[in-house]
Amino acid sequence: MALSGVRVLELAGLAPAPLCGMILADFGAQVLRVDRPSRSAAALAHTDVQARGKRSLALDLKQPQGAAVLRRLCGQADVLIEPFRHGVMERLGLGPEVLLQENPRLIYARLTGFGQTGKYAKSAGHDINYLALSGVLSKLGRKNENPYAPVNLLADFGGGGVMCALGIVIALFERARSGRGQVIDASMVEGVAYLSSFLWKSQNLGLWSQPRGENLLDSGAPFYEIYRTSDGKFMAVGAIEPKFYNQLIKGLGLNLDELPSQMSFSHWPEMKKKFASVFAQRTQAEWCSIFDDTDACVTPVLSFEDAALHQHNKERNSFIKNDEEEISPRPAPVLSRTPAVPSCKRDPFIGEHTEEILLEFGFTKQEIDKLNSDKAIELKDLKANL
């Protein structure tokens with residue numbers, strides 16, 4: 001695979017960092033998740049459902065011996081992903097100044113909400129807070145309603161995990177030329193703001209001249225909207241261009257000549273009501289049979305279960321099953337020569353591979369036993385978990 005041979009240490013954290021590590025693992029990197037020992041409260045609160053293809057090492061970084069182990073591991077690693085607020089790693093003696101001096105090739109990825117500098121660098125936050133500070137949240141929501149955060153996809157995963165993975169791959173590419181690693185300051189505020197570049201750069205086009213929820217792409221237009229069907233399901237409509245809009249009108253059984261102009265803003269609210277009344281007359285399946293072979297840009301709103309069973313997605317193998325019959329999306333994008341080959345094995349238990357990993361990195365059995373007796377590491381009895 002494309003990232004085969006790349007050694008990644010991922011310090012266990014919440015949603016964004018695990019996604020970043022899983023992307024790298026899916027495309028061939030050897031990702032070692034550094035967990036807190038399972039006896040700690042932090043470990044009990046930590047549930048990583050994005051651990052596909054990773055191995056787990058349980059390490060108490062608050063103990064000097066534990067921090068020393070990570071420092072030694074970083075000496076042989078290509079990438080470190082750390083998700084803590086600014087200053088935490090420095091207090092542990094594991095800041096980039098220390099680790100890059102010992103391993104100048106290390107790529108030190110710091111994935112945080114607010115970044116390493118600025119007023120909020122040491123502040124707590126979650127996706128909704130980062131989205132708010134980026135300006136993006138102000139654009140999301142329907143007319144006369146409060147701004148609406150679309151679960152925690154945009155800042156945590158789009159602006160966080162994916163953007164950090166992109167930064168790591170860029171840094172690996174550059175290292176092939178220079179031979180040197182570097183620090184990545186991946187702020188979710190800036191990541192999601194960057195993701196929204198189109199919104200920023202299109203402000204002078206008139207796309208966003210109306211209040212939130214009254215514009216072309218934010219649920220203002222009747223032809224870019226979601227409509228309920230007679231069976232309580234939904235259809236998504238994105239018929240922006242006139243040629244697509246014409247096919248939408250035809251599929252709905254309406255007469256274009258009897259309707260206001262598509263871009264007559266003042267008529268949009270009444271057109272929405274008209275479209276809604278028409279969509280409410282048939283089931284989702286019936287609308288699919290009408291629109292599936294057209295370019296009207298009308299598609300069913302599918303549940304997770306239905307998405308995995310949809311003909312198009314099945315033909316592309318867009319969803320995969322692991323050994324435990326859990327369904328999840330196939331890694332994207334698809335590379336022609338070196339595609340991702342995601343692991344089908346169950347996710348690792350905390351500390352399942354501690355001894356195995358330390359031996360690979362050159363620790364002796366005696367050193368491992370001493371670390372274990374000092375409770376700096378945790379060796380997992382696999383049979384106790386199965």
Side-chain angles (χ1 to χ4, degrees), residues 1-36 46-57 59 61 70 73-74 77-86 88-89 94 96 99 105-116 125-127 130-131 134 151-175 181-195 328-333 335 340-343 347-348 350:
M1 286 186 277
L3 297 180
S4 180
V6 175
R7 259 182 173 175
V8 179
L9 296 170
E10 174 201 317
L11 302 189
L14 296 176
L19 174 67
C20 180
M22 189 179 78
I23 291 170
L24 301 178
D26 283 340
F27 284 89
Q30 181 189 145
V31 179
L32 311 175
R33 191 183 67 200
V34 180
D35 284 302
R36 301 169 181 88
H46 166 69
T47 52
D48 179 10
V49 296
Q50 301 171 103
R52 183 169 62 209
K54 303 175 189 177
R55 290 185 292 164
S56 169
L57 160 78
L59 194 56
L61 296 178
L70 182 63
L73 296 175
C74 285
D78 295 293
V79 178
L80 173 68
I81 303 171
E82 71 96 351
F84 307 130
R85 276 184 263 172
H86 175 74
V88 171
M89 292 293 279
L94 298 167
L99 298 186
R105 291 176 57 82
L106 181 68
I107 291 159
Y108 194 121
R110 316 195 79 169
L111 177 52
T112 61
F114 297 113
Q116 296 301 308
H126 284 294
D127 174 280
Y130 315 139
L131 198 59
S134 73
V151 294
N152 65 325
L153 279 174
L154 288 180
D156 273 0
F157 299 114
V162 173
M163 208 64 79
C164 187
L166 174 63
I168 289 168
V169 172
I170 291 170
L172 284 168
F173 181 78
E174 191 280 336
R175 193 184 70 174
Q182 56 186 307
V183 180
I184 297 169
D185 181 359
S187 151
M188 292 176 226
V189 172
E190 292 166 1
V192 74
Y194 189 34
L195 203 62
S328 60
R330 180 179 67 168
L335 306 186
V341 183
S343 170
D347 290 349
I350 289 178

Chemist: Taking all atoms of both residues into account, what is the closest heavy-atom pair of G161 and C20, and its distance?
Modeler: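 In this case the closest contact between G161 and C20 is O-CB, 3.6 Å.
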Chemist: Using 0.5 Å steps for rounding, measure from the CD1 atom of I350 to the CG atom of D35.
Modeler: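 Nearest 0.5 Å value for the CD1-CG distance: 4.5 Å.
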Chemist: For the atom pair CZ (R33) and CE (M22), what is the distance rounded to the nearest 0.5 Å?
Modeler: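 That separation rounds to 12.5 Å.
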Chemist: For A155 and Y130, which heavy atoms make the closest approach, and how far apart are they?
Modeler: CB-CB, 3.9 Å
Chemist: To the nearest 0.5 Å, how far apart are CD in Q30 and CG in L32?
Modeler: 5.0 Å
Chemist: Determine yes or no for a side-chain-to-main-chain donor-acceptor pair under 3.5 angstrom, with S134 supplying the side chain and L131 the backbone.
Modeler: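 Pair found, side chain donor or acceptor close to backbone of L131.
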Chemist: From S56 OG over to E10 CD, what is the distance, rounded to the nearest 0.5 angstrom?
Modeler: 10.0 Å
Chemist: E82: what forms a salt bridge (Lys or Arg N to Asp or Glu O under 4.0 Å) with it, not counting sequence neighbours?
Modeler: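 In terms of salt bridge (Lys or Arg N to Asp or Glu O under 4.0 Å), with neighbours along the sequence ignored, E82 is linked to R110.
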Chemist: Walk me through it: do M89 and L11 pass the test side-chain contact (heavy atoms from CB on, under 4.5 Å)?
Modeler: CA-CA 11 Å; M89 292 293 279; L11 302 189; 3.6 Å; yes
Chemist: Which residue pairs pass the salt bridge (charged side-chain N to carboxylate O under 4.0 Å, His left out) test when at least one of the two sits in residues 151-165, sequence neighbours left out?
Modeler: none
Chemist: With heavy-atom distances below 4.5 Å as the criterion, would you say the side chains of P331 and R52 are in contact?
Modeler: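 Yes, side chains in contact.
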Chemist: Can you name the nearest heavy-atom pair linking Y108 to L99, along with the distance?
Modeler: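 So the two residues come closest at CE1-CD1, 3.5 Å.
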Chemist: Going through the distances and angles, do L172 and V79 end up as a side-chain contact (heavy atoms from CB on, under 4.5 Å)?
Modeler: CA-CA 9 Å; L172 284 168; V79 178; 4.3 Å; yes
Chemist: Can you find a pair of side-chain heavy atoms, one from M188 and one from L111, that are under 4.5 Å apart?
Modeler: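 The answer is yes, as the side chains (C-beta and beyond) meet within the 4.5 Å cut-off.
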Chemist: In the structure I gave you, are the side-chain heavy atoms of L14 and P83 within less than 4.5 Å of one another anywhere?
Modeler: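 Heavy-atom side-chain distance check fails, nothing below 4.5 Å.
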Chemist: State, with a plain yes or no, whether a side-chain heavy atom of V192 is found less than 4.5 Å away from one of D127.
Modeler: no
Chemist: Looking only at heavy atoms, which two atoms of N152 and A15 are closest? And how far apart?
Modeler: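 Of all heavy-atom pairs spanning N152 and A15, the closest is ND2-CB, 4.3 Å.
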Chemist: If you measure from CD on Q50 to OG on S328, what distance do you get to the nearest 0.5 Å?
Modeler: 10.5 Å
Chemist: Could you go through M163 and L195, starting from their C-alpha distance and side-chain angles, then the distance that decides it, and tell me whether this counts as side-chain contact (heavy atoms from CB on, under 4.5 Å)?
Modeler: CA-CA 9 Å; M163 208 64 79; L195 203 62; 4.2 Å; yes
Chemist: Under the criterion side-chain contact (heavy atoms from CB on, under 4.5 Å), which of L80, I168, V31, I107 is the partner of V8?
Modeler: V31
Chemist: Which distance, rounded to the nearest 0.5 Å, do you find between the CZ of R175 and the CD1 of I170?
Modeler: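 One gets 14.5 Å once the value is rounded to the nearest 0.5 Å.
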Chemist: Identify the two heavy atoms, one from V169 and one from L24, that lie closest to each other, and give their separation to 0.1 Å.
Modeler: CG2-CD2, 4.4 Å
Chemist: Under the salt bridge (charged side-chain N to carboxylate O under 4.0 Å, His left out) definition, can you give me all pairs with a residue in residues 184-193, not counting sequence neighbours?
Modeler: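 The answer is none; no pair qualifies.
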Chemist: Would you name the heavy atoms of P18 and D48 that are closest together and state the gap between them?
Modeler: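 Heavy atoms only, the tightest pair is CB-OD1, 3.3 Å.
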